[in-house]
Amino acid sequence: MPNSVLTPQASDFPQWYQDILNKAELADNGPVRGTMVIRPYGYSLWEHVQAEIDARIKAAGAQNVYLPLFIPESYLRKEAEHVKGFSPELAVVTHAGGKQLEEPVVVRPTSETLFGEVMANWIQSYRDLPLLLNQWANVVRWELRPRMFLRTTEFLWQEGHTAHATQEDAAQYARKILHEVYQDFFNNVLALPVLIGRKTRKERFAGAANTMACEGMMRDGKALQMATSHELGQTFAKAFNIDFTDVAGKVQLAWTTSWGSSTRILGGLIMAHGDDNGLRIPPRLAPIQVVVLVVRDEQGVGDRARALISEMKAAGIRTQLDTDVSSSFGRRATNWELKGIPIRIELGPRDLAAGNATVVRRDTAAKSAIPLQGVVAAIARMLEEIQANLLAEATATQKKHLTDVKTIDQARDAAQEGFARLPWLVLGEAGEAELAQGGITVRCLQRPDGAISKSEDDPELLAIVAKAY
RNA sequence: CGGGGCGUGGCCCAGCGGUAGGGCACCUGGUUUGGGACCAGGGGGUCGCAGGUUCGAAUCCUGCCGCCCCGACCA
């Protein structure tokens with residue numbers, strides 16, 4: 001079934017990515033450079049990402065709040081590293097209400113400063129800690145080189161902000177989020193394995209004491225940072241006076257964290273699972289898990305299809321009915337494939353006569369005839385198989401694009417194809433700068449067993465380097 | 001912001017000095033429908049924008065803007 005709708009990945013991956021944004025009706029460019037119009041199908045994917053991540057954040061004990069879009073410019077300046085890191089990409093409002101503002105207002109690029117202000121107000125005693133907050137919001141960073149979903153000037157995300165009584169508690173919580181929210185979501189919902197580790201000093205968040213991240217491997221061999229979690233030390237506590245009275249009655253500075261994940265995840269979803277025929281959405285994430293395509297509405301096919309939809313709904317399966325017989329069969333099949341619907345059920349007179357449903361898996365393209373009685377249970381099982389298969393495929397892709405090397409030169413070569421892993425002692429900050437000349441960055445540092453090291457001076461640390469989005 | 005490529009109906013592209021075309025998509029009617037159907041009719045573009053050259057510019061020149069790729073910056 002050759003499909004000329006999309007540019008093949010092998011011939012031009014970036015063009016394939018552009019094609020799929022259009023053909024799967026995910027997003028358009030907005031009128032202002034770097035902005036995007038997220039279309040209904042693209043937004044429904046984001047809503048499912050949100051729902052899954054939000055549930056995990058709440059399970060980790062954080063509560064949602066909403067803080068303002070506008071931040072006084074002076075707030076950013078309260079933390080030197082932070083303002084230095086963000087000032088090049090700030091959008092600043094200087095005029096409003098027909099007048100020049102006395103103090104310019106920045107459109108939030110991230111909200112550490114506002115949360116700092118709020119936390120300082122809300123925290124009095126150790127009894128108020130830990131304070132675990134999160135917000136879903138849009139942020140603006142004026143990007144030099146935007147790419148849809150991967151790096152847009154305005155994007156949607158969640159940013160968690162917490163304050164703790166001790167450094168140890170903050171460090172633990174930042175790791176808990178990384179594992180129980182992000183890694184769990186990527187593995188079990190997005191069907192994508194991620195490498196987790198510390199960022200180097202160079203790659204660290206502006207103002208953080210330690211940045212940790214989840215790095216995914218895309219099908220073209222480039223890495224994508226898909227979520228981050230920061231230990232902010234007492235940097236923001238100092239800048240905003242986030243202090244509390246401890247059990248002994250002594251005033252102490254709090255330790256804060258922040259952590260985020262964004263619409264970039266959709267870019268990762270597209271590039272990690274999509275193939276030459278379109279998207280492949282993991283069933284647990286899919287807004288539509290099964291589409292029932294009525295081939296021809298004759299001999300009661302439409303009624304049987306509607307009954308099948310009801311049965312699946314009752315079983316908790318997300319479905320869509322396609323009875324649009326004014327479009328040809330091939331066109332409709334292709335469109336659902338482009339959108340990556342995990343399972344397509346084709347129902348026509350021939351199937352009904354045989355008492356079967358024709359069931360097509362999006363991941364493998366395998367087509368099978370399944371007896372209509374019992375089809376719902378079979379579909380439910382198949383959805384889990386598809387979920388597992390996509391994870392297995394992505395795991396194989398990650399493995400294929402991960403090479404252990406011994407020298408910086410070898411790392412440079414290997415990084416053309418994916419992740420290259422070598423001892424951090426061999427690479428070092430000098431080697432990091434050298435590789436950066438070739439567009440290769442250190443994605444993360446981790447222990448030989450893949451764990452996150454407690455210390456950045458751990459002599460066993462391995463550096464994972466790659467070209468990245 | 002540096003280097004490269006590209007801007008012509010919604011999408012892909014032809015035209016490259018003589019006043020705008022094709023395919024797909026869209027609308028109407030009909031026939032179809034098991035992998036992007038077919039016939040007939042129809043609507044839609046101040047050729048990215050602004051100057052300039054010319055009797056005449058989509059076409060030549062200059063500047064700007066936008067998109068894509070490769071860098072610097074970043075989730």
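Here is the naming used below: chain letters follow the sequence lines, and residue numbers restart at 1 for every chain.
Residue-level contact check: A/N335 touches the bases, meaning some heavy atom is under 4.0 Å from a base atom. Looking at heavy-atom distances under 4.0 Å, A/A213 makes no contact with the nucleic acid at all. A/S327 comes within 4.0 angstrom of a nucleotide base, judged by non-hydrogen atoms across all strands. Residue-level contact check: A/Q225 touches the backbone only, with heavy atoms under 4.0 Å from sugar-phosphate atoms and none from bases. Residue A/T358 is classed as a base contact, given a heavy-atom separation below 4.0 Å to a base. Using a 4.0 Å heavy-atom criterion, one finds that A/G260 contacts no nucleic acid atom at all. Looking at heavy-atom distances under 4.0 Å, A/F155 makes contact with a base. Counting non-hydrogen atoms under 4.0 angstrom, A/L224 reaches nothing in the nucleic acid. Heavy atoms of A/S87 sit nowhere under 4.0 angstrom from any nucleic acid atom. Among the protein residues, A/R204 comes within range of no part of the nucleic acid, since none of its heavy atoms lies under 4.0 Å from any strand.
Residues satisfying the side chain to side chain contact (heavy atoms under 4.5 Å, CB included) criterion with A/A170, sequence neighbours excluded, are A/H164, A/W255, A/T257.
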Working note: A/S111 + A/Q135, criterion side-chain hydrogen bond (donor to acceptor under 3.5 Å, both in side chains); need CA distance, chi angles, decisive distance, verdict.
CA-CA 9 Å; A/S111 306; A/Q135 80 168 345; 3.3 Å; yes
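A sub-4.0 Å separation between OP1 or OP2 of B/U33 and a side-chain N or O of A/R331 is absent.
Between the P atom of B/G35 and the CD atom of A/E346 lies a distance of 8 Å, rounded to the nearest Å. Atom CZ of A/R39 is separated from atom P of B/G10 by 14 Å (rounded to the nearest Å). As a whole-Å value, the separation of A/W142 CH2 from B/C1 P is 14 Å. Separating the CD atom of A/E154 from the C1' atom of B/C74 is a distance of 17 Å, rounded to the nearest angstrom. Between A/R108 atom CZ and B/C74 atom C1' there is a gap of 19 Å when expressed in whole angstrom units. Atom CZ of A/R332 is separated from atom P of B/G34 by 9 Å (rounded to the nearest Å). Between the CD1 atom of A/I440 and the P atom of B/C73 there is a distance of 14 Å, rounded to whole Å. A/L293 has its CG atom 11 Å from the P atom of B/G35, to the nearest Å.
Taking CG from A/D276 and CD1 from A/I20, the interatomic distance works out to 9.0 Å, rounded to the nearest 0.5 Å.
Of the candidate nucleotides B/C74, B/A37, B/G35, B/A37 has the atom nearest to the side chain of A/S328. Of the candidate nucleotides B/G35, B/U33, B/C1, B/G35 has the atom nearest to the side chain of A/E337.
Aromatic ring orientation, A/Y182 versus A/W259: perpendicular (interplanar angle above 60°, classes split at 30° and 60°). Relative orientation of the A/F13 and A/W16 rings is tilted, given thresholds of 30° and 60° on the angle between their planes.
Taking the six-membered ring for Trp, A/H230 and A/F205 have ring centres closer than 6.0 Å.
We find that A/R361 and A/E385 are joined by a salt bridge, their nearest charged nitrogen and carboxylate oxygen being less than 4.0 Å apart. The existence of a salt bridge linking A/K199 and A/E215 is confirmed by a sub-4.0 Å separation between a basic side-chain nitrogen and an acidic carboxylate oxygen. Residues A/E180 and A/R56 are not paired through a salt bridge, judged by the lack of any N-O separation under 4.0 Å between the basic side chain and the carboxylate. In summary, A/D324 and A/R332 do not engage in a salt bridge, as defined by a charged side-chain N under 4.0 Å from a carboxylate O. Ion pair A/R304/A/E311 flagged as a salt bridge, since at least one NZ, NE, NH1 or NH2 atom sits closer than 4.0 Å to an Asp/Glu carboxylate oxygen.
Using P as the reference atom, B/U59 and B/C74 are 41 Å apart when rounded to the nearest Å. Taking the C1' atoms as reference points, B/G23 lies 26 Å from B/G18, given to the whole Å. A distance of about 24 Å separates the P atoms of B/G63 and B/C55, rounded to the whole Å. B/U33 sits 39 Å from B/C47 when the C1' atoms are compared, rounded to a whole Å. The P atoms of B/C24 and B/C65 are separated by 38 Å, rounded to the nearest whole Å. Taking atom P on both nucleotides, B/U62 is separated from B/C69 by 27 Å, rounded to a whole Å. Across B/A14 and B/G48, the matching P atoms stand 13 Å from one another, rounded to whole Å. Spacing of P atoms, B/A57 relative to B/U19, comes out at 12 Å, to the nearest Å.
Base-pairing analysis of RNA chain B finds the following stems of at least three consecutive Watson-Crick or G-U pairs, with both pairing distances under 3.5 Å: B:1-7 with B:65-71, B:10-13 with B:21-24, B:26-31 with B:37-42, B:48-52 with B:60-64.
Each of A/D351 and A/Y469 has a nearest nucleotide on RNA chain B; the 5'-most of these lies closest to A/D351. Comparing A/D324 and A/Q437 by the nucleotide of RNA chain B whose heavy atom lies nearest to each, the residue mapping closer to the 5' end is A/D324.
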B/S/- along nucleotides 65-70 of chain B (protein heavy atoms under 4.0 Å) is --SSSB
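Side-chain contact of A/Q50 with A/H48: a donor-acceptor pair under 3.5 Å is absent, judged by distance alone.
Side chain A/R151 to base B/C74: a donor-acceptor pair is found below 3.5 Å.
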